[in-house]
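Some notes on the structure that comes next.
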Amino acid sequence: EKEGFQHYMLKEIYEQPRALKSTMAGHLDEAAGKVTFPGLRLTAEELKEIDKIFIVACGTAYYAGLVGRYAIERLTQIPVDVDVASEFRYQRPLVTAKTLTIVVSQSGETADTLAALREAKRLGSKVLAITNVVGSTIAREADDVIATIAGPEIAVASTKAYTAQLMAFYLFGLYLAQEKQTIDPQEHATLIAALKNVPEQVEKVLENADDLRTFAEGIKDEKSVFFIGRGIDFAVSLEGSLKLKEISYIHSEAYAAGELKHGTLALIEEGTQVIALSTQAELHEKMISNITEVKARGAKVLGITPDSHIELHRTVDELCFIPTTAPLFTPILSVVPLQLIAYYTSLALGNDVDRPRNLAKSVTVE
Ligand code: M6R
């Protein structure tokens with residue numbers, strides 16, 4: 001069933017264009033410049049009442065939530081908090097009837113996420129689930145469901161479910177903005193058009209797989225790999241770092257690039273591998289100065305940046321270009337090289353890529 005791929009993870013990485021198209025199908029009315037959610041039970045009135053959003057999830061789904069926060073706050077100006085489910089459930093969250101809690105879970109069976117859902121409901125919040133399994137416990141107990149149509153995900157390391165979750169957040173964010181009229185209609189239409197293009201742009205990123213394989217083979221013996229980025233790129237860095245650790249077992253950390261000086265820089269020495277994401281034009285200069293700082297301490301740097309930002313080649317050792325899209329949507333493109341790096345590193349090390357040690361696909365106990 002791997003359809004010619006050596007592992008499920010690689011197959012699932014390549015299924016992303018299709019998963020993204022299926023997840024957005026039926027939601028984008030390009031002619032009218034509108035996003036529709038025919039299945040949503042939350043009424044327009046209820047949506048208008050929302051004054052705060054909590055996003056709660058575990059692991060990769062939590063990292064998708066961090067991107068979701070950027071998208072929803074930018075598009076709707078509603079304040080959003082993101083929490084890991086195992087923290088949320090015990091922290092007495094400040095949830096009211098005007099709070100919308102969004103739980104995110106590929107499997108729909110994660111014990112902590114389910115407990116968080118129940119706690120949010122008990123406190124009077126409406127709960128919307130973003131899940132890949134519509135018959136799951138989380139889907140059944142939530143007030144509303146946005147289904148990611150990624151198809152079954154077998155590999156323990158989540159890939160297509162993550163990008164489909166990002167798509168779900170973008171669609172919901174655009175929908176909320178449209179209903180609450182927090183976005184200029186022209187900008188809304190431009191974003192819809194850009195989002196429609198993203199699946200094809202993922203195909204383009206996949207064409208770089210050979211270069212990323214070569215890069216991965218070169219880092220397989222590293223003791224440690226650091227990921228840096230700012231804003232939305234920091235959120236993606238966290239996901240890239242998790243991917244690498246869970247299947248290659250190489251120590252890795254992700255840092256908000258501006259935090260380097262507050263401690264991490266001490267860990268950078270001659271030859272340390274750094275992966276730097278710089279996808280946001282207004283932050284390029286700041287990233288260039290952070291990259292210069294790590295390079296001055298001997299780091300080797302791979303930069304990941306849109307093809308419109310060629311100046312970065314002067315600062316980094318290696319460059320991986322992603323296609324240019326709306327700044328909000330870059331995570332779907334920038335995570336793909338990180339998935340491929342993790343995959344090929346694990347492969348080069350001879351690890352069991354699809355079933356990494358100590359981990360289960362679905363964590364149904366606390
Ligand atoms: O099924 P869920 O989305 O609720 O699972 C959450 C995490 O256990 C999961 O994303 C985990 O972090 C993955 N192994 C990451 O690749």
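Start at 1 and go down the list; that is how both ligands and their atoms are numbered. Position 1 is the first residue of the sequence; numbering continues from there. Only heavy atoms go into these numbers, but all of them, side chains included; no hydrogens, no water, no symmetry mates. All figures in this text were calculated on a predicted structure; none of them were measured in a lab.
- Ring planes of His284 and His309: parallel class, angle under 30° (limits at 30 and 60°).
- To the nearest 0.5 Å, atoms CD (Glu253) and OH (Tyr255) are separated by 3.5 Å.
- If you check which protein heavy atom lies closest to atom 7 (C) of ligand 1, you get Cys58 O, 3.6 Å.
- Nearest heavy-atom pair across Ser237 and Gly229 is OG-N, 3.8 Å.
- The protein heavy-atom contact nearest to atom 16 (O) of ligand 1 is Glu246 OE2, 2.3 Å.
- Listed by number with element, the atoms of ligand 1 under 4.0 Å from a non-hydrogen atom of Gly59 are 12 (O).
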Could you please spell out the steps behind the salt bridge (Lys or Arg N to Asp or Glu O under 4.0 Å) verdict for Glu15 and Lys160? CA-CA 7 Å; Glu15 279 172 348; Lys160 62 177 180 172; 2.7 Å; yes
Full working for salt bridge (Lys or Arg N to Asp or Glu O under 4.0 Å) between Glu153 and Lys11: CA-CA 10 Å; Glu153 193 181 63; Lys11 170 175 174 267; over 6 Å; no
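- At least one N or O atom of Val156, backbone or side chain, sits closer than 3.5 Å to an N or O atom of ligand 1.
- For atom 11 (C) of ligand 1, the closest non-hydrogen atom of the protein is Thr60 N, 4.2 Å.
- Regarding atom 8 (O) of ligand 1, its nearest protein heavy-atom neighbour is Val363 CG2, 4.2 Å.
- The nearest protein atom to atom 5 (O) of ligand 1, hydrogens excluded, is given as Thr110 OG1, 3.5 Å; this is a heavy-atom distance.
- Closest protein heavy atom to atom 3 (O) of ligand 1: Gln106 N, 2.6 Å.
- Both tests hold for Lys52 against Phe54: distance to the six-membered ring centre under 6.0 Å, angle to the ring axis within 45°.
- Here the heavy atom of the protein found nearest to atom 1 (O) of ligand 1 is Ser107 OG, 2.7 Å.
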Step by step, would you call Lys261 with Glu293 a salt bridge (Lys or Arg N to Asp or Glu O under 4.0 Å)? CA-CA 9 Å; Lys261 281 200 180 74; Glu293 278 160 6; 2.5 Å; yes
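- Inclusion of Thr113 in the set of residues having an N or O under 3.5 Å from an N or O of ligand 1 is not warranted.
- Heavy-atom distances between Ala157 and ligand 1 reach below 4.0 Å in at least one pair.
- Under a 4.0 Å heavy-atom criterion, Lys361 is not in contact with ligand 1.
- A side chain to side chain donor-acceptor pair (under 3.5 Å) with Gln339 is found for one member of Lys243, Glu239, Gln16 and no other, namely Gln16.
- With a 4.0 Å cut-off on non-hydrogen atoms, Lys243 touches ligand 1 through its side chain and not its backbone.
- Annotation: Ser105 places an N or O atom under 3.5 Å from an N or O atom of ligand 1; distance criterion only.
- The only option from Thr305, Thr324, Asp233 that meets the side chain to side chain donor-acceptor pair (under 3.5 Å) definition with Thr279 turns out to be Asp233.
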